[in-house]
Amino acid sequence: MGGSFVPCEVPVNLGDRSYKIHIQWGSLSEAPTLLGRHASAEPSHSGLGKHLFLVTHPGVQSLYGEGLQKVLSREGYAVDTSTVPEGESSKCLEVASRLYDRMVEAGVKRDSVVVALGGGVVGDLAGFVAATYMRGIRFVQIPTTLLSQVDASVGGKVALNHPSAKNLIGAFHQPSFVLIDPETLTTLPDREIRAGMAEVVKYGMIHDESFLAYIEDNLDDLLALSPDPIETILRRSCEIKAWVVERDERESDLRALLNFGHTIGHAVEAVMGYGEMLHGECVAVGMLAATHMATECGLCPPEVGDRLRRLLIRIGLPVTVPSQHTDGILAAMKLDKKGRAGKMRFVLPEGIGSVNLVEVTEEALVAHALDSIMNEASGNG
Ligand code: GLY
(Lines give C-alpha, C1' and ligand atoms only; values in the text may rest on other atoms or scores of the structure.)
Protein backbone atom coordinates (compact mmCIF):
# COMPACT_ATOMS: atom_id res chain seq x y z
CA MET A 1 0.00 0.00 0.00
CA GLY A 2 1.21 3.53 -0.65
CA GLY A 3 4.39 4.57 -2.44
CA SER A 4 3.18 6.92 -5.15
CA PHE A 5 1.23 9.07 -2.79
CA VAL A 6 1.11 12.72 -3.77
CA PRO A 7 1.48 15.23 -0.94
CA CYS A 8 -1.27 17.73 -0.46
CA GLU A 9 -1.40 20.84 1.68
CA VAL A 10 -4.59 22.39 2.98
CA PRO A 11 -4.10 25.96 4.20
CA VAL A 12 -5.93 27.30 7.23
CA ASN A 13 -5.98 31.07 6.72
CA LEU A 14 -6.21 32.86 10.06
CA GLY A 15 -3.97 35.91 9.63
CA ASP A 16 -0.90 35.61 11.82
CA ARG A 17 -2.22 32.28 13.16
CA SER A 18 -2.34 30.68 9.70
CA TYR A 19 -0.92 27.21 9.15
CA LYS A 20 -0.85 24.27 6.78
CA ILE A 21 -2.25 20.76 7.05
CA HIS A 22 0.17 18.46 5.22
CA ILE A 23 -1.38 15.15 4.12
CA GLN A 24 0.91 12.48 2.70
CA TRP A 25 1.18 8.73 2.99
CA GLY A 26 4.46 7.87 4.76
CA SER A 27 5.22 11.51 5.64
CA LEU A 28 6.25 10.78 9.24
CA SER A 29 9.69 9.94 7.91
CA GLU A 30 9.86 13.43 6.42
CA ALA A 31 8.90 15.11 9.69
CA PRO A 32 12.28 16.87 10.21
CA THR A 33 12.09 18.70 6.86
CA LEU A 34 8.40 19.46 7.25
CA LEU A 35 8.74 20.73 10.81
CA GLY A 36 11.71 22.83 9.76
CA ARG A 37 9.65 24.37 6.98
CA HIS A 38 6.37 24.87 8.83
CA ALA A 39 6.90 24.96 12.56
CA SER A 40 10.17 26.84 12.64
CA ALA A 41 9.63 29.33 9.87
CA GLU A 42 7.67 32.00 11.69
CA PRO A 43 9.47 35.32 11.16
CA SER A 44 8.51 36.47 14.66
CA HIS A 45 10.54 33.59 16.10
CA SER A 46 14.00 34.32 14.79
CA GLY A 47 16.79 32.35 16.38
CA LEU A 48 14.41 29.47 16.99
CA GLY A 49 15.76 26.49 18.92
CA LYS A 50 15.18 22.95 17.75
CA HIS A 51 13.79 21.66 21.01
CA LEU A 52 10.66 19.51 20.77
CA PHE A 53 8.51 18.27 23.64
CA LEU A 54 6.69 15.22 22.32
CA VAL A 55 3.50 14.06 24.05
CA THR A 56 2.07 10.66 23.17
CA HIS A 57 0.60 7.39 24.48
CA PRO A 58 2.86 4.39 25.25
CA GLY A 59 1.30 2.34 22.39
CA VAL A 60 1.75 5.13 19.83
CA GLN A 61 5.25 5.77 21.18
CA SER A 62 6.36 2.24 20.33
CA LEU A 63 4.54 2.23 16.97
CA TYR A 64 5.59 5.69 15.73
CA GLY A 65 7.16 7.83 18.47
CA GLU A 66 10.47 6.02 18.69
CA GLY A 67 10.99 6.12 14.92
CA LEU A 68 9.96 9.76 14.78
CA GLN A 69 12.34 10.65 17.59
CA LYS A 70 15.16 8.87 15.74
CA VAL A 71 14.68 10.73 12.44
CA LEU A 72 14.29 14.04 14.26
CA SER A 73 17.41 13.52 16.38
CA ARG A 74 19.38 12.60 13.27
CA GLU A 75 18.48 16.01 11.83
CA GLY A 76 19.62 17.91 14.90
CA TYR A 77 16.38 18.20 16.89
CA ALA A 78 16.51 17.68 20.65
CA VAL A 79 13.42 15.65 21.55
CA ASP A 80 12.03 15.09 25.04
CA THR A 81 9.18 12.60 25.14
CA SER A 82 6.44 12.27 27.74
CA THR A 83 3.82 9.52 27.59
CA VAL A 84 0.37 9.76 29.16
CA PRO A 85 -2.09 6.89 29.73
CA GLU A 86 -4.53 6.04 26.92
CA GLY A 87 -8.10 7.24 27.28
CA GLU A 88 -10.28 10.22 28.10
CA SER A 89 -9.17 10.20 31.77
CA SER A 90 -5.82 11.70 30.73
CA LYS A 91 -7.57 14.96 29.78
CA CYS A 92 -7.42 16.29 33.33
CA LEU A 93 -5.56 18.88 35.39
CA GLU A 94 -3.51 16.24 37.24
CA VAL A 95 -2.03 14.83 34.03
CA ALA A 96 -1.54 18.36 32.65
CA SER A 97 0.23 19.32 35.87
CA ARG A 98 2.63 16.37 35.50
CA LEU A 99 3.37 17.50 31.96
CA TYR A 100 4.18 21.04 33.16
CA ASP A 101 6.63 19.49 35.66
CA ARG A 102 8.25 17.45 32.90
CA MET A 103 8.49 20.54 30.67
CA VAL A 104 10.26 22.51 33.40
CA GLU A 105 12.66 19.60 33.98
CA ALA A 106 13.29 19.31 30.23
CA GLY A 107 14.02 23.04 29.98
CA VAL A 108 11.13 23.82 27.63
CA LYS A 109 11.38 27.51 26.65
CA ARG A 110 9.36 29.99 24.61
CA ASP A 111 10.98 28.83 21.38
CA SER A 112 10.42 25.10 22.07
CA VAL A 113 7.61 23.31 20.27
CA VAL A 114 5.12 20.87 21.81
CA VAL A 115 4.34 17.98 19.46
CA ALA A 116 1.11 16.01 19.97
CA LEU A 117 1.45 12.51 18.49
CA GLY A 118 -1.73 10.44 18.82
CA GLY A 119 -5.50 10.84 18.82
CA GLY A 120 -7.86 13.50 20.11
CA VAL A 121 -6.98 13.00 23.79
CA VAL A 122 -3.28 13.65 23.22
CA GLY A 123 -4.03 16.57 20.88
CA ASP A 124 -6.41 18.26 23.32
CA LEU A 125 -4.15 17.69 26.32
CA ALA A 126 -0.84 18.64 24.69
CA GLY A 127 -2.53 21.59 22.97
CA PHE A 128 -3.92 22.83 26.28
CA VAL A 129 -0.53 22.53 27.94
CA ALA A 130 1.08 24.39 25.00
CA ALA A 131 -1.61 27.09 25.22
CA THR A 132 -0.92 27.75 28.90
CA TYR A 133 2.79 27.07 29.45
CA MET A 134 4.59 30.45 29.51
CA ARG A 135 1.27 31.97 28.31
CA GLY A 136 1.40 29.93 25.14
CA ILE A 137 4.12 28.25 23.11
CA ARG A 138 3.84 26.74 19.66
CA PHE A 139 2.56 23.25 19.04
CA VAL A 140 2.31 20.81 16.19
CA GLN A 141 -0.40 18.21 15.73
CA ILE A 142 0.55 14.79 14.34
CA PRO A 143 -2.81 12.99 14.55
CA THR A 144 -2.75 9.20 14.19
CA THR A 145 -6.49 8.35 14.32
CA LEU A 146 -9.07 9.03 11.62
CA LEU A 147 -11.19 10.99 14.08
CA SER A 148 -8.36 13.34 15.01
CA GLN A 149 -7.09 13.62 11.41
CA VAL A 150 -10.42 14.93 10.15
CA ASP A 151 -11.54 16.92 13.17
CA ALA A 152 -9.75 17.41 16.48
CA SER A 153 -6.28 18.27 15.15
CA VAL A 154 -7.58 21.18 13.06
CA GLY A 155 -9.10 24.39 14.37
CA GLY A 156 -7.31 25.09 17.63
CA LYS A 157 -9.84 23.86 20.18
CA VAL A 158 -7.80 22.45 23.05
CA ALA A 159 -9.29 21.32 26.34
CA LEU A 160 -9.33 19.27 29.50
CA ASN A 161 -12.35 17.64 31.10
CA HIS A 162 -13.82 18.62 34.46
CA PRO A 163 -15.64 15.96 36.51
CA SER A 164 -18.86 17.85 35.76
CA ALA A 165 -18.42 18.23 31.99
CA LYS A 166 -16.29 17.28 29.04
CA ASN A 167 -13.98 19.99 27.61
CA LEU A 168 -15.04 22.49 30.30
CA ILE A 169 -11.50 23.85 30.76
CA GLY A 170 -10.04 24.94 27.47
CA ALA A 171 -8.67 27.50 25.07
CA PHE A 172 -8.41 28.36 21.40
CA HIS A 173 -4.77 27.81 20.49
CA GLN A 174 -4.05 27.12 16.84
CA PRO A 175 -1.29 24.65 15.98
CA SER A 176 1.64 25.92 13.90
CA PHE A 177 1.38 22.91 11.64
CA VAL A 178 -0.64 19.71 11.25
CA LEU A 179 1.13 16.65 9.83
CA ILE A 180 -1.16 13.85 8.71
CA ASP A 181 0.39 10.55 7.69
CA PRO A 182 -2.55 8.36 6.60
CA GLU A 183 -0.32 5.29 6.86
CA THR A 184 -0.78 5.49 10.65
CA LEU A 185 -4.40 4.41 10.07
CA THR A 186 -3.18 0.94 9.09
CA THR A 187 -2.48 0.13 12.75
CA LEU A 188 -5.80 1.50 14.00
CA PRO A 189 -8.51 -1.02 15.01
CA ASP A 190 -11.18 -1.44 12.33
CA ARG A 191 -13.87 -0.22 14.74
CA GLU A 192 -12.03 3.09 15.16
CA ILE A 193 -11.80 3.55 11.39
CA ARG A 194 -15.57 3.05 11.12
CA ALA A 195 -16.19 5.42 14.05
CA GLY A 196 -13.96 8.07 12.44
CA MET A 197 -15.97 7.71 9.23
CA ALA A 198 -18.97 9.17 11.09
CA GLU A 199 -17.20 12.55 11.25
CA VAL A 200 -16.31 12.26 7.57
CA VAL A 201 -19.98 11.61 6.72
CA LYS A 202 -20.81 14.65 8.86
CA TYR A 203 -18.83 16.92 6.51
CA GLY A 204 -20.83 15.65 3.55
CA MET A 205 -24.08 16.16 5.43
CA ILE A 206 -23.31 19.71 6.56
CA HIS A 207 -21.57 21.10 3.50
CA ASP A 208 -21.15 19.00 0.39
CA GLU A 209 -23.58 16.55 -1.20
CA SER A 210 -21.05 15.48 -3.84
CA PHE A 211 -18.64 14.55 -1.04
CA LEU A 212 -21.30 12.36 0.55
CA ALA A 213 -21.84 10.69 -2.83
CA TYR A 214 -18.07 10.14 -3.10
CA ILE A 215 -18.08 8.37 0.28
CA GLU A 216 -21.02 6.20 -0.83
CA ASP A 217 -19.34 5.31 -4.13
CA ASN A 218 -15.91 4.52 -2.64
CA LEU A 219 -16.86 3.03 0.68
CA ASP A 220 -15.28 -0.41 0.20
CA ASP A 221 -11.94 1.11 -0.82
CA LEU A 222 -12.14 3.59 2.05
CA LEU A 223 -12.71 0.88 4.62
CA ALA A 224 -9.83 -1.08 3.06
CA LEU A 225 -7.69 2.06 3.54
CA SER A 226 -6.72 2.47 -0.13
CA PRO A 227 -4.38 5.45 -0.19
CA ASP A 228 -6.03 7.50 -2.96
CA PRO A 229 -9.61 7.60 -1.63
CA ILE A 230 -8.29 7.96 1.93
CA GLU A 231 -6.26 10.99 0.81
CA THR A 232 -9.35 12.40 -0.87
CA ILE A 233 -11.57 12.17 2.21
CA LEU A 234 -8.85 13.51 4.51
CA ARG A 235 -8.23 16.46 2.19
CA ARG A 236 -11.90 17.27 1.66
CA SER A 237 -12.75 16.92 5.37
CA CYS A 238 -9.86 19.22 6.31
CA GLU A 239 -10.83 21.71 3.58
CA ILE A 240 -14.38 21.92 4.91
CA LYS A 241 -13.23 22.22 8.50
CA ALA A 242 -10.71 24.93 7.51
CA TRP A 243 -13.40 26.80 5.54
CA VAL A 244 -15.63 26.88 8.62
CA VAL A 245 -12.88 27.74 11.10
CA GLU A 246 -11.58 30.56 8.88
CA ARG A 247 -15.01 32.18 9.02
CA ASP A 248 -15.77 31.60 12.69
CA GLU A 249 -12.64 30.66 14.61
CA ARG A 250 -14.20 31.11 18.06
CA GLU A 251 -17.58 29.55 17.38
CA SER A 252 -19.88 32.50 17.58
CA ASP A 253 -22.12 31.01 14.89
CA LEU A 254 -21.03 29.07 11.80
CA ARG A 255 -18.58 26.77 13.63
CA ALA A 256 -21.45 25.42 15.71
CA LEU A 257 -22.62 23.65 12.53
CA LEU A 258 -19.70 21.26 13.00
CA ASN A 259 -21.65 19.98 15.99
CA PHE A 260 -24.19 18.23 13.75
CA GLY A 261 -25.06 15.00 15.57
CA HIS A 262 -23.10 16.06 18.65
CA THR A 263 -25.81 17.45 20.96
CA ILE A 264 -27.51 14.06 21.16
CA GLY A 265 -24.22 12.25 20.49
CA HIS A 266 -22.46 13.80 23.50
CA ALA A 267 -25.43 12.93 25.71
CA VAL A 268 -25.38 9.31 24.48
CA GLU A 269 -21.63 9.21 25.11
CA ALA A 270 -22.03 10.57 28.65
CA VAL A 271 -24.86 8.18 29.54
CA MET A 272 -23.39 5.04 28.00
CA GLY A 273 -20.08 5.79 29.71
CA TYR A 274 -16.98 6.83 27.78
CA GLY A 275 -15.58 3.72 26.15
CA GLU A 276 -18.71 1.58 25.70
CA MET A 277 -19.61 3.46 22.55
CA LEU A 278 -16.90 5.34 20.67
CA HIS A 279 -17.35 9.07 20.02
CA GLY A 280 -17.96 8.57 16.30
CA GLU A 281 -20.56 5.88 17.00
CA CYS A 282 -22.44 8.31 19.25
CA VAL A 283 -22.22 10.98 16.55
CA ALA A 284 -23.72 8.49 14.07
CA VAL A 285 -26.87 7.96 16.14
CA GLY A 286 -26.91 11.67 17.00
CA MET A 287 -26.93 12.63 13.30
CA LEU A 288 -29.81 10.23 12.65
CA ALA A 289 -31.84 11.57 15.58
CA ALA A 290 -31.23 15.19 14.50
CA THR A 291 -32.27 14.35 10.95
CA HIS A 292 -35.44 12.72 12.27
CA MET A 293 -36.14 15.90 14.25
CA ALA A 294 -35.63 18.02 11.12
CA THR A 295 -38.12 15.87 9.22
CA GLU A 296 -40.66 16.16 12.04
CA CYS A 297 -40.24 19.95 11.98
CA GLY A 298 -40.89 19.92 8.23
CA LEU A 299 -37.36 21.14 7.51
CA CYS A 300 -36.15 18.22 5.45
CA PRO A 301 -37.67 15.35 3.44
CA PRO A 302 -37.57 11.81 4.94
CA GLU A 303 -35.31 10.62 2.09
CA VAL A 304 -32.42 12.48 3.72
CA GLY A 305 -32.65 10.39 6.89
CA ASP A 306 -33.13 7.21 4.84
CA ARG A 307 -29.98 7.89 2.80
CA LEU A 308 -27.93 8.76 5.89
CA ARG A 309 -29.15 5.66 7.69
CA ARG A 310 -28.28 3.37 4.76
CA LEU A 311 -24.76 4.79 4.62
CA LEU A 312 -24.18 4.49 8.37
CA ILE A 313 -25.34 0.87 8.30
CA ARG A 314 -23.02 0.12 5.36
CA ILE A 315 -20.13 1.64 7.31
CA GLY A 316 -21.01 -0.65 10.21
CA LEU A 317 -21.97 2.14 12.59
CA PRO A 318 -24.75 1.76 15.16
CA VAL A 319 -28.10 3.37 14.32
CA THR A 320 -29.80 2.66 17.65
CA VAL A 321 -29.03 2.71 21.36
CA PRO A 322 -30.63 0.59 24.10
CA SER A 323 -34.01 2.10 24.98
CA GLN A 324 -33.47 2.06 28.76
CA HIS A 325 -31.17 5.08 28.29
CA THR A 326 -33.83 7.47 26.90
CA ASP A 327 -34.44 9.42 30.14
CA GLY A 328 -30.75 9.64 30.97
CA ILE A 329 -29.92 10.96 27.49
CA LEU A 330 -32.65 13.60 27.70
CA ALA A 331 -31.37 14.73 31.10
CA ALA A 332 -27.77 14.83 29.89
CA MET A 333 -28.79 16.97 26.91
CA LYS A 334 -30.40 19.54 29.17
CA LEU A 335 -27.11 19.82 31.04
CA ASP A 336 -25.10 20.22 27.85
CA LYS A 337 -23.16 23.45 27.82
CA LYS A 338 -24.37 24.26 24.32
CA GLY A 339 -27.90 24.78 25.61
CA ARG A 340 -28.57 28.46 26.23
CA ALA A 341 -31.06 29.96 28.72
CA GLY A 342 -32.84 26.64 29.14
CA LYS A 343 -33.29 26.13 25.40
CA MET A 344 -31.68 23.37 23.42
CA ARG A 345 -29.95 24.14 20.13
CA PHE A 346 -29.67 21.54 17.42
CA VAL A 347 -27.96 21.48 14.08
CA LEU A 348 -30.70 20.29 11.75
CA PRO A 349 -30.36 19.36 8.06
CA GLU A 350 -32.46 20.95 5.33
CA GLY A 351 -31.10 18.47 2.83
CA ILE A 352 -27.81 16.72 2.15
CA GLY A 353 -25.07 19.35 2.29
CA SER A 354 -27.01 22.02 4.13
CA VAL A 355 -27.71 22.45 7.84
CA ASN A 356 -29.03 25.15 10.17
CA LEU A 357 -28.74 25.92 13.86
CA VAL A 358 -32.23 25.72 15.34
CA GLU A 359 -33.41 26.45 18.87
CA VAL A 360 -35.87 23.76 19.93
CA THR A 361 -38.18 24.60 22.80
CA GLU A 362 -40.66 21.74 22.40
CA GLU A 363 -39.42 18.85 24.48
CA ALA A 364 -41.73 16.44 22.67
CA LEU A 365 -39.71 16.95 19.47
CA VAL A 366 -36.56 15.97 21.26
CA ALA A 367 -38.25 12.95 22.86
CA HIS A 368 -39.55 11.80 19.44
CA ALA A 369 -36.08 12.18 17.96
CA LEU A 370 -34.70 9.99 20.73
CA ASP A 371 -37.47 7.44 20.14
CA SER A 372 -36.36 7.23 16.53
CA ILE A 373 -32.98 5.86 17.59
CA MET A 374 -34.37 3.61 20.33
CA ASN A 375 -37.36 1.81 18.89
CA GLU A 376 -35.78 -0.19 16.14
CA ALA A 377 -33.08 -1.90 18.19
CA SER A 378 -34.05 -5.31 16.87
CA GLY A 379 -33.77 -4.13 13.27
CA ASN A 380 -30.34 -2.64 12.77
CA GLY A 381 -28.76 -1.97 16.13
N1 GLY B 1 -15.10 19.60 16.63
C2 GLY B 1 -15.83 20.78 16.41
C3 GLY B 1 -14.97 21.99 16.26
O4 GLY B 1 -13.78 21.90 16.16
O5 GLY B 1 -15.51 23.06 16.27
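Remember, it's 1-based here, ligands and their atoms both numbered in the order they're listed.
- With a 6.0 Å cutoff to the six-membered ring centre and a 45° limit on the axis angle, K202 does not count as a cation-pi contact of F260.
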Identify all side-chain donor-acceptor contacts of residues 152-159 below 3.5 Å with residues at least two apart in sequence or on another chain.
from: S153; atom 1: OG; to: S148; atom 2: O; distance (Å): 2.8
from: K157; atom 1: NZ; to: E251; atom 2: OE1; distance (Å): 2.5

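- Checked against side chain to side chain contact (heavy atoms under 4.5 Å, CB included), T33 has the following partners two or more places apart in sequence or in another chain: R37.
- Using modelled atom types, one side-chain atom of D181 and one backbone atom of S27 make a donor-acceptor pair closer than 3.5 Å.
- Annotation: side chain to side chain donor-acceptor pair (under 3.5 Å) contacts involving residues 187-198, sequence neighbours excluded, comprise Y64-T187, D190-R194, R191-E281.
- With respect to the salt-bridge test (charged N to carboxylate O, under 4.0 angstrom), the residues K50 and E75 do not qualify.
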Which N/O atoms of ligand 1 sit under 3.5 Å from a protein N/O, and at what distances?
from: ligand 1; atom 1: 1 (N); to: D151; atom 2: OD1; distance (Å): 3.0
from: ligand 1; atom 1: 1 (N); to: D151; atom 2: OD2; distance (Å): 3.2
from: ligand 1; atom 1: 4 (O); to: K241; atom 2: NZ; distance (Å): 2.5
from: ligand 1; atom 1: 4 (O); to: R255; atom 2: NH2; distance (Å): 2.8
from: ligand 1; atom 1: 5 (O); to: K157; atom 2: NZ; distance (Å): 3.0
from: ligand 1; atom 1: 5 (O); to: R255; atom 2: NE; distance (Å): 2.7
from: ligand 1; atom 1: 5 (O); to: R255; atom 2: NH2; distance (Å): 3.4

